[in-house]
Asks: 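Have a look at the structure that comes next, please.
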Amino acid sequence: MFGVVLLLSFSSLVVLVPPPSAPPVACRHCCDDMEPAEGSAAQPPTGLFSHVPEVRTYINMTILKGDKGERGDRGTPGKAGQEGPPGSRGPMGPNGSKGEAGLSGDPCKVQNAAFSVGRRKSIHSLEAYQVLVFDTVFVNLDASFNMFHGKFFCQIPGIYFFNVNIHTWNFKETYLHIMQNDTERAIVYAQPSDRSIMQSQSLMLMLELNDEVWVRLYKRERENAIYSDDVDVYITFNGYLIKAKSE
């Protein structure tokens with residue numbers, strides 16, 4: 001059907017156009033085409049046209065347009081272009097949801113050192129220098145205080161607090177030192193008097209490993225003594241760790 005329509009369209013578009021240079025055709029009678037009588041001297045007639053007409057064809061391309069074809073294969077990607085300048089920073093997004101709780105960590109290791117000892121017996125200094133030995137234990141963590149030697153041995157380096165409490169003896173001098181190793185750090189002193197009194201001394205010391213802290217009696221010309229009895233404890237020596245060096 002499409003072919004018939006196309007053929008009709010072509011036939012309707014074909015026109016006879018005389019050549020541009022052809023001379024005008026003279027008017028002729030219809031009998032001019034007849035052959036001349038036999039024996040006459042007349043020339044036979046020429047054709048109706050002295051030139052072949054020129055045929056020009058015009059094709060309407062809109063009629064020949066077919067249906068849209070299928071999409072072709074995708075071509076190979078081109079080369080990457082130059083990187084553009086960085087864009088401006090975008091707005092901050094909303095906060096995310098709260099995450100799950102993590103695993104429990106190891107418990108914090110706290111280091112401790114402490115002691116508290118006392119003496120129930122009175123003592124008279126017999127030598128110029130004498131270690132004050134104790135006979136009663138109130139607290140002694142990790143046995144850091146040696147009861148036999150009367151000394152605290154540092155096992156955890158750090159800052160320590162120490163305190164000594166004593167009771168003087170009537171008419172006798174009381175003279176003691178708190179010692180760090182072989183160095184005198186603080187004194188406890190009371191002059192001879194007809195009245196006995198309680199005396200106390202406290203201090204903090206920075207100790208290193210294996211340092212020793214102890215109480216020493218010091219005898220001069222006068223008799224040196226401290227009082228106590230079996231009922232009450234008048235003499236005490238205390239110490240504890242404030243802050244370990246490793247913390």
Asks: Using the side chain to side chain contact (heavy atoms under 4.5 Å, CB included) definition, which of the options F138, F134, F162, Y240 pairs with F115?
Replies: F162
Asks: To the nearest 0.5 Å, how far apart are CG in L217 and CG in L176?
Replies: 4.5 Å
Asks: Return the set of residues passing ring-ring contact (aromatic ring centres under 6.0 Å, His included) with Y129 (not counting sequence neighbours), or none when no residue passes.
Replies: Y218
Asks: Could you list the residues that satisfy side-chain contact (heavy atoms from CB on, under 4.5 Å) with Q199, not counting sequence neighbours?
Replies: I166, T168, V188, A190, I197
Asks: According to a 4.5 Å side-chain heavy-atom criterion applied to Ile, Leu, Val, Met, Phe, Trp and Tyr, with indirect links allowed, do V139 and W214 form part of one hydrophobic cluster?
Replies: no
Asks: Count I, L, V, M, F, W, Y as connected when their side-chain heavy atoms are under 4.5 Å apart, and connections chain through other members. Are I123 and V215 then in the same cluster?
Replies: yes
Asks: Do L241 and I159 come close enough that some side-chain heavy atom pair is under 4.5 Å?
Replies: no
Asks: Nearest 0.5 angstrom please: S144 OG to I156 CD1, how far?
Replies: 8.5 Å
Asks: Quick test of your reading: applying ring pair (Phe, Tyr, Trp, His ring centres under 6.0 Å), list the pairs with at least one residue in residues 87-106, sequence neighbours left out, ordered by first then second residue.
Replies: none
Asks: For H167, give me all partners under ring-ring contact (aromatic ring centres under 6.0 Å, His included), at least two apart in sequence or on another chain.
Replies: Y227, Y234
Asks: What pair of heavy atoms forms the shortest contact from S122 to S228, and how long is it?
Replies: OG-O, 2.7 Å
Asks: Can you list every pair that meets side-chain hydrogen bond (donor to acceptor under 3.5 Å, both in side chains) and has a residue in residues 154-163, with sequence neighbours left out?
Replies: N163-N165, N163-S200, N163-S202, N163-N238
Asks: Go through the steps for C154 and E208 under the test side-chain contact (heavy atoms from CB on, under 4.5 Å), then give the verdict.
Replies: CA-CA 7 Å; C154 178; E208 299 296 337; over 6 Å; no
Asks: Going by side-chain contact (heavy atoms from CB on, under 4.5 Å), name the residues that satisfy it together with K172, two or more places apart in sequence or in a different chain.
Replies: H124, W169, E223, A225
Asks: Using the side-chain contact (heavy atoms from CB on, under 4.5 Å) rule, take I178 and L203 through it: C-alpha gap first, then chi angles, then the decisive distance, then the call.
Replies: CA-CA 9 Å; I178 299 176; L203 79 166; 3.6 Å; yes
Asks: With I187, which residues qualify under side-chain contact (heavy atoms from CB on, under 4.5 Å), at least two apart?
Replies: Y175, H177, Y189
Asks: Under the side-chain hydrogen bond (donor to acceptor under 3.5 Å, both in side chains) rule, what pairs show up with a residue in residues 89-102, not counting sequence neighbours?
Replies: none
Asks: Does CE belonging to M198 count more than 12 external heavy atoms closer than 6.0 Å?
Replies: yes
Asks: Show your working on side-chain contact (heavy atoms from CB on, under 4.5 Å) between V117 and N140 and close with a plain yes or no.
Replies: CA-CA 8 Å; V117 294; N140 192 9; 5.7 Å; no
Asks: Report the distance from atom OG of S125 to atom CD1 of I226, rounding to the nearest 0.5 Å.
Replies: 9.5 Å
Asks: Got a sec, which pairs hit salt bridge (charged side-chain N to carboxylate O under 4.0 Å, His left out) with one end in residues 110-139, sequence neighbours left out?
Replies: none
Asks: Among all residues two or more places apart in sequence or in another chain, which pass the side-chain contact (heavy atoms from CB on, under 4.5 Å) test with Q180?
Replies: R185, L205, L207, D211
Asks: Same cluster for I235 and M179 if Ile/Leu/Val/Met/Phe/Trp/Tyr side chains link at under 4.5 Å?
Replies: no
Asks: Taking K219 first and then E173, would you say they form a salt bridge - that is, a charged N and a carboxylate O separated by under 4.0 Å?
Replies: no
Asks: List the atom pairs, with distances to 0.1 Å, where a side-chain N or O of residues 145-153 and a protein N or O form a donor-acceptor pair under 3.5 Å, not counting sequence neighbours.
Replies:
from, atom 1, to, atom 2, distance (Å)
N146, OD1, F148, N, 3.0
N146, OD1, H149, N, 2.9
N146, OD1, H149, ND1, 3.1
N146, ND2, H149, ND1, 3.4
K151, NZ, E212, OE1, 3.3

Asks: Any chance CG of D182 has more than 12 other-residue heavy atoms, nucleotides or ligands included, within less than 6.0 Å?
Replies: no
Asks: Test of understanding: with side-chain hydrogen bond (donor to acceptor under 3.5 Å, both in side chains), list the residues that count as partners of K243, not counting sequence neighbours.
Replies: none
Asks: Would you mind reporting whether D194 and F171 have side-chain heavy atoms less than 4.5 Å apart?
Replies: yes
